[in-house]
Each structure stands twice: as C-alpha cells, then as structure tokens.
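Structure first, commentary second.
Owing to the predicted nature of the structure, the values given are computational and were not obtained by experimental measurement.
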Amino acid sequence: MAGKEKRRNAAALNGDEQRLRRKQEETALLLRRIKGFVRWVVEEVSAGRSPSIVIHRYRNYCSAADAASPSPCSCSYDAPVGTDVLSLLHKDSQTSRLNVLLRVLLVVQQLLQQNKHCSKRDIYYMYPSIFVEVAVVDRAINDICILFKCSRHNLNVVGTTSILLMGWIRFVEGEKKVNCIKNVNAAFSIPVSIEAIKDVVSVAHYILVVEKETVFQRLANDKFCERNRCIVITGRGYPDIPTRRFLRYLVEQLHLPVYCLVDSDPYGFDILATYKFGSLQLAYDANLLRVPDIRWLGVFTSDFEDFCLPDCCLLPLSLEDRRKAESIIARCYLHKEAPEWRSELEAMLQKGVKFEIEALSARSISFLSDKYIPQKIKQGRHL
C-alpha cells in the first residue's frame with residue numbers, strides 16, 4: 001500500500017511539474033509574439049503607414065434556430081462569424097479601439113516580463129482619461145485574447161473572485177494548503193489562479209453548484225456535506241471567469257458528475273446556461289470555460305406542485321422576466337443541445353410564475369438539505 005501511495009504522489013508531482021513547465025513555455029511564446037506584434041506596429045507607423053489589424057468576432061449562440069429561418073444557424077465554439085478591421089486611417093471608433101488595445105497590450109507585456117498580475121481596474125487607472133470606463137479595458141482584453149488566440153489568464157490579468165467552496169476536497173494553492181476535508185461544512189474562498197493549484201485530493205461522489213450564497217449557507221448550517229459526500233460551490237449569482245475555470249478544472253481532474261441548483265426564474269436559468277454553454281461576451285473562449293455535462297437539478301416549475309408548496313411562494317413573472325425568458329428560449333443551443341431545458345423554460349413562461357430555491361423552506365427549514373437534493377439525485381430527477 002505504501003508503494004502504491006508513493007507512486008501516486010510521484011505521478012501527481014510529475015503532472016504538476018509538467019503543467020508548470022507548459023505554463024512557462026506558453027508565457028514565453030506569448031511574450032515573443034506580443035513583442036513581435038508591437039515591433040511591427042511601430043515599424044509601420046514610423047514608415048508612415050497605417051497598420052490594419054483584423055479581429056475575429058465569435059458567438060456561441062444566435063436566435064435563428066427555427067428550421068424555417070432564412071438564415072440557418074452557423075454558430076460554433078471554434079469558427080469566427082465575422083471580422084472587425086482596426087486601423088489608424090480614419091478618425092473613428094475603430095481608431096480609438098486600436099489605441100486602447102495597444103496601450104493595454106503594453107501593460108500586458110510588462111506583466112508577463114515581470115511575472116506580475118493585476119486587475120482590469122488596475123489597468124483602467126493607468127490611463128483613465130483615455131479608457132473612460134472599465135468596460136473599454138474589458139473589450140481590449142477580449143480583442144487581445146482573440147488576436148493572440150489565448151485566454152485571459154494567459155495575460156496575467158485577474159479578477160477579484162467571490163467564489164465559495166466546501167466539502168470533501170483538499171489541494172495546495174502555491175504555498176497555501178486548502179483542506180476543506182478537515183471541516184467539510186466550512187466555507188473557503190476559491191483561488192483565482194488555477195495554475196497555482198496542485199495535489200488535488202477528493203473523496204466526493206458529486207459536485208453541487210448553487211446559484212447564491214444564502215442557499216450555500218443553508219447547506220452549511222444543515223451540515224449537508226457532512227451527511228452527503230460532495231463538494232458545494234457558489235459563484236454568488238452569475239459566475240465569473242475564476243468560478244467557471246475552477247469548476248471546469250475540478251471536473252477534468254476528478255471526473256465527478258456536476259449538478260446545478262438555481263431559482264425557477266429566467267435569471268436563474270441564464271446562470272445555469274452560462275455554466276453549460278458559456279457567455280456571449282467570452283464566446284471565443286466558451287469551449288474552455290463551459291461544463292457541457294452539467295445537470296440541472298432544479299428548481300423546476302413542476303417542483304411547486306410535486307412538493308406541495310403553498311401558493312404564497314409563487315410570484316408572477318414581470319414584463320422584464322418575460323422578455324428575458326423569450327430571448328433565452330430563442331437561443332440556438334437550446335434547440336440543438338438541450339430541448340428538455342427549453343421545454344421547462346417554456347412551461348415557466350406559459351404558467352407565468354416563478355419561485356426561489358428558498359421557497360422549499362415552506363415545507364421545513366431543512367427540507368432542501370434533508371429531502372429535496374438527496375432525493376432528486378438518488379432518483380435521477382434532473383435534466
């Protein structure tokens with residue numbers, strides 16, 4: 001047994017070393033490409049020419065999903081659907097966009113050279129009069145990722161994470177040990193840099209993603225993980241990049257089933273769809289961030305009757321809710337990849353009502369932990 005454990009540890013160590021070496025090689029290659037690109041731009045401008053830069057456009061969904069549509073869906077996680085040409089020839093928005101891109105690229109180059117990290121808000125405050133708002137920096141970062149065919153984390157631009165984790169897992173992040181197994185009901189913050197994680201160990205049977213912190217705390221108070229061998233994660237609403245990267249990383253490392261629990265409303269559904277299909281803003285990187293096998297555990301519109309909840313738990317869909325639901329239903333990926341999800345959303349829209357996960361507390365304060373989640377998973381009542 002001791003020999004097997006040593007071999008396992010050695011294999012994990014070799015894997016971590018290979019990952020680190022690969023990261024260093026990717027950084028060196030990206031830095032060379034950035035330097036070459038900047039040199040080319042400077043040479044073009046010095047020679048009196050205006051450099052033109054082609055930025056591909058991507059989308060991971062469209063609304064032309066009906067077979068009778070005159071423009072059939074051509075969405076792809078890999079193929080661009082159009083291009084933007086950035087040039088200094090004309091004084092227009094594209095010129096400003098190129099100016100911002102080059103300034104952000106110079107900051108990224110410095111970060112990679114010095115092996116440092118910063119946030120997009122840090123970058124914004126370097127040239128606030130030029131960038132105007134953080135969203136301008138955000139778009140430039142997207143442009144750079146598309147231009148150099150890389151992900152945001154490759155640029156050493158990081159975000160502040162708000163992710164919480166608990167359950168049967170432990171790992172090392174840099175020099176810090178994160179041992180959730182010592183207290184499986186305690187919340188830990190998830191690290192921003194996946195590259196710093198190594199030595200992941202888990203004895204969990206599944207991963208549960210919950211939409212919001214209030215539900216996460218309900219499960220913690222009920223000692224849900226202690227009684228159910230699982231890992232629980234919340235991104236506190238719409239999942240940011242670190243949340244989605246971390247979840248994708250766990251799935252690839254641990255090969256566990258993933259269940260998602262969101263409110264029975266259009267915004268909860270949109271959060272669920274972001275985990276499975278990715279976001280439109282980051283469509284160029286969606287295939288590396290999404291978790292295609294995630295299972296929708298609830299809450300469903302039908303759960304209201306199935307679990308005999310009181311009428312006071314139901315809320316009418318607002319006009320904004322209806323518009324949101326209709327726009328989601330039209331997305332092509334629901335037609336192609338998740339027709340059962342689409343039918344559930346249509347049922348919500350038809351009945352015109354919504355309710356929150358917390359409505360299950362009308363049965364009993366711990367009904368969610370004691371009955372709802374365990375029974376649904378055991379009986380396979382998920383989509």
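- Looking only at distances, no side-chain donor or acceptor of Ser279 sits under 3.5 Å from a matching main-chain atom of Thr274.
- Both the sub-6.0 Å distance and the 45° axial angle are satisfied by Arg103 relative to the ring of Tyr127.
- With respect to Lys354 and Asp321, a salt bridge is recorded, a charged nitrogen being found less than 4.0 Å from a carboxylate O.
- With rounding to the nearest 0.5 angstrom, the CG atom of Asn156 is 6.5 Å from the CG atom of Asn115.
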Task: From CA spacing to verdict: salt bridge (Lys or Arg N to Asp or Glu O under 4.0 Å), Asp285, Arg152 - done: CA-CA 9 Å; Asp285 216 15; Arg152 286 190 171 212; over 6 Å; no
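- A 6.0 Å sphere centred on CD of Glu340 holds no more than 12 heavy atoms belonging to other residues, nucleotides or ligands.
- Taking a cutoff of 4.0 Å between a charged side-chain nitrogen and a carboxylate oxygen, Arg342 and Glu346 qualify as a salt bridge.
- Between Tyr372 and Phe307, the ring planes lie tilted relative to each other; the angle falls in the 30° to 60° range.
- Counting only distance, with no hydrogens or angles, the side chain of Arg227 and the backbone of Asp222 share a donor-acceptor pair below 3.5 Å.
- In this structure, Lys276 does not pair ionically with Glu337, as no charged nitrogen and carboxylate oxygen lie closer than 4.0 Å.
- No more than 12 heavy atoms of other residues, nucleotides or ligands sit less than 6.0 Å from atom NZ of Lys149.
- No more than 12 heavy atoms of other residues, nucleotides or ligands lie within 6.0 Å of CZ in Arg170, so this atom counts as exposed by the packing criterion.
- Between the side chain of Asp263 and the backbone N or O of Ile357, at least one donor-acceptor pair lies under 3.5 Å.
- In summary, Asp370 and Arg363 do not engage in a salt bridge, as defined by a charged side-chain N under 4.0 Å from a carboxylate O.
- Classified by interplanar angle (parallel below 30°, tilted 30° to 60°, perpendicular above 60°), the ring pair His56/Tyr58 is perpendicular.
- Checked by atom type and distance alone, the side chain of Arg295 never pairs as donor or acceptor with a backbone atom of Tyr259 at under 3.5 Å.
- Distance alone, capped at 3.5 Å, places no donor-acceptor pair between the Trp168 side chain and the Val184 backbone.
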Open item on the list: Assess the residue pair Arg248 and Glu252 against the criterion (salt bridge (Lys or Arg N to Asp or Glu O under 4.0 Å)); give the C-alpha distance rounded to whole Å, side-chain angles, the decisive distance to 0.1 Å, and a yes or no.
Closed with: CA-CA 6 Å; Arg248 173 69 178 249; Glu252 291 176 343; 2.8 Å; yes
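- Side-chain N/O atoms of Thr243 and Asp240 include a donor and acceptor closer than 3.5 Å.
- Checked by atom type and distance alone, the side chain of Asp270 never pairs as donor or acceptor with a backbone atom of Pro266 at under 3.5 Å.
- A heavy-atom distance below 4.5 Å is found between the side chains of Trp341 and Trp296.
- Between the side chains of Tyr284 and Asn142, at least one donor N or O sits under 3.5 Å from an acceptor N or O.
- Shown here is Arg57, whose CZ atom has more than 12 heavy atoms of other residues, nucleotides or ligands within 6.0 Å.
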